[in-house]
*Asks:* 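This is the structure, below, for whatever I ask next.
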Amino acid sequence: MNKPKAVFREINESYTLQEAIAEAKRCLNCKNPSCKKGCPIENHIPEFIHELSKGNMGNAMAIINEKSNLPAICGRVCPHEKQCQGHCVLYPKGKGIEIGKLERFVADFDTEMKLIREKLPQKTRGKVAVIGSGPAGLTVAGDLARQGFNVTIFESQAEPGGVLMYGIPEYRLPKQVVRQEIEKIEALGVTFLLNCVVGKQLNIDDIFAQGYDAIFIGSGTALPKSLDIPGAGLRGVIQATYLLHMANIYNEGTVGRDKVPVIEGEHVAVMGCGNVAMDAARTAVRMGAASVTIVYRRTEADMPAIQAEYQAALQEGVKFLWQTSTTEFLGNEDGKVVGLRANTPEGVKEYAFDRICLAVGSRPASRIVSTTEGIETDDNGYVLVKERPFGMTSRKGVFAGGDVVHRPQTVVMAMKAAKSVAVGIAQYVDAVKLLSE
Ligand code: SF4
């Protein structure tokens with residue numbers, strides 16, 4: 001495997017041991033910690049920071065493991081300023097504790113030093129299949145494996161990780177970090193079946209026929225949305241997720257440069273202003289685009305992307321057209337895109353672009369639910385789930401969580417939902433086993 005390309009190298013460098021301990025020592029170890037309230041999965045933040053401040057790395061890691069299966073990832077990609085860090089009592093004074101960087105430091109230290117040897121229970125509580133190995137699937141798998149369930153993950157791609165592996169660029173989340181987190185989940189006794197497309201090679205009924213007690217669908221939102229405007233089918237109009245996927249596998253050395261759909265010197269427009277749009281824009285910069293412009297129909301204040309990503313995009317030279325509502329993509333006689341027409345506050349305008357990336361959202365693919373019976377979805381394909389047992393679909397024993405249920409959100413929100421579903425699955429399997437005794 002090749003080394004990632006230099007321009008894609010991780011930006012946010014980590015602490016040294018001395019720096020991490022010094023930062024941890026600034027924490028007030030508050031009795032009623034507001035940082036914890038800001039964390040969607042209620043990480044025991046002051047507790048792990050306190051252990052770190054004393055240099056007790058093993059204890060710090062054990063405390064983090066109680067709540068998170070993916071700390072090296074969360075420490076890098078969570079919107080900390082909106083969550084833990086933004087809630088720290090020291091934050092309003094501009095001195096908030098760098099909780100994300102500390103979490104990442106402990107997780108990376110653990111990976112390097114192999115500190116933790118968890119005592120695992122016998123896998124006798126039941127057999128659970130997990131479809132998809134993105135943040136939701138990995139969380140359910142890790143939580144259930146720690147509680148004595150025998151878990152197998154069915155993953156359609158050649159490598160596990162889902163959006164973590166193929167959707168988030170290397171400069172934000174190095175693939176080596178994803179692989180190391182997955183190795184830790186494998187070490188909990190989770191089995192991974194790769195290149196296994198549920199809904200094609202086998203369906204939900206086949207999985208139950210293999211003796212599984214419950215199935216979790218964590219397949220995310222695989223279908224990117226399009227824009228229903230003239231010119232959407234022109235050559236050069238591509239999906240941002242496709243650009244991110246190809247740039248990631250190019251970085252890995254799996255495909256050549258010619259497979260990445262941004263050519264050096266191109267003027268690139270990105271439609272949409274969420275985190276995927278920021279990732280696509282910053283990836284286009286790294287692929288040598290002459291200019292990259294985000295075109296957004298609303299104002300800067302309405303932008304769904306997190307501030308840190310927006311600021312980083314600005315620093316890298318990405319331009320923004322606010323309140324610019326695209327009505328048509330313009331093409332030449334060869335069917336290639338050459339620009340767009342849009343309504344702007346100054347009236348109708350035309351802009352020249354060589355390539356257009358769509359980052360206007362995604363929705364679930366129907367492959368899994370359409371190849372079996374009894375799993376209800378809403379009109380947009382999102383799987384409907386119950387409160388009790390938490391996360392169960394309209395079909396008994398089939399659960400769902402993450403983006404396939406609640407629309408695309410951040411990694412940690414998918415983890416939060418998945419943790420509750422893991423509890424629901426455990427309750428369901430225990431109850432069924434009790435009744436059949
Ligand atoms: Fe430490 Fe800030 Fe949390 Fe208080 S709120 S425990 S200072 S991280």
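These numbers were taken from a predicted model, which means no experiment stands behind them. Whatever order the structure lists ligands and atoms in, that order sets their numbers, starting from 1.
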*Asks:* Do the non-hydrogen side-chain atoms of Ile368 and Ile375 ever get within less than 4.5 Å of each other?
*Replies:* no
*Asks:* Can you list the residues that meet the salt bridge (charged side-chain N to carboxylate O under 4.0 Å, His left out) rule with Glu112, with sequence neighbours excluded?
*Replies:*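 Glu112: no salt bridge (charged side-chain N to carboxylate O under 4.0 Å, His left out) contacts found.
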*Asks:* Answer yes or no: is there an ion pair linking Glu309 with Arg172, defined by an N-O contact shorter than 4.0 Å?
*Replies:*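 Arg172 and Glu309: salt-bridged.
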*Asks:* Within a radius below 2.8 Å of atom 4 (Fe) of ligand 1, how many protein N, O or S atoms are present?
*Replies:*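 Counting protein N, O and S atoms closer than 2.8 Å to atom 4 (Fe) of ligand 1 gives 1.
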*Asks:* Name every donor-acceptor pair, under 3.5 Å, that has one atom in a side chain of residues 87-97 and the other anywhere in the protein, sequence neighbours excluded.
*Replies:*
{"from": "His87", "atom 1": "ND1", "to": "Gln83", "atom 2": "O", "distance (Å)": "2.8"}

*Asks:* With a 4.5 Å limit on heavy-atom distance, are the side chains of Leu52 and Phe105 in contact?
*Replies:*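 SC-SC contact between Leu52 and Phe105 confirmed.
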*Asks:* Could you give all pairs that pass the salt bridge (Lys or Arg N to Asp or Glu O under 4.0 Å) test and reach residues 26-47, with sequence neighbours left out?
*Replies:* Glu23-Arg26
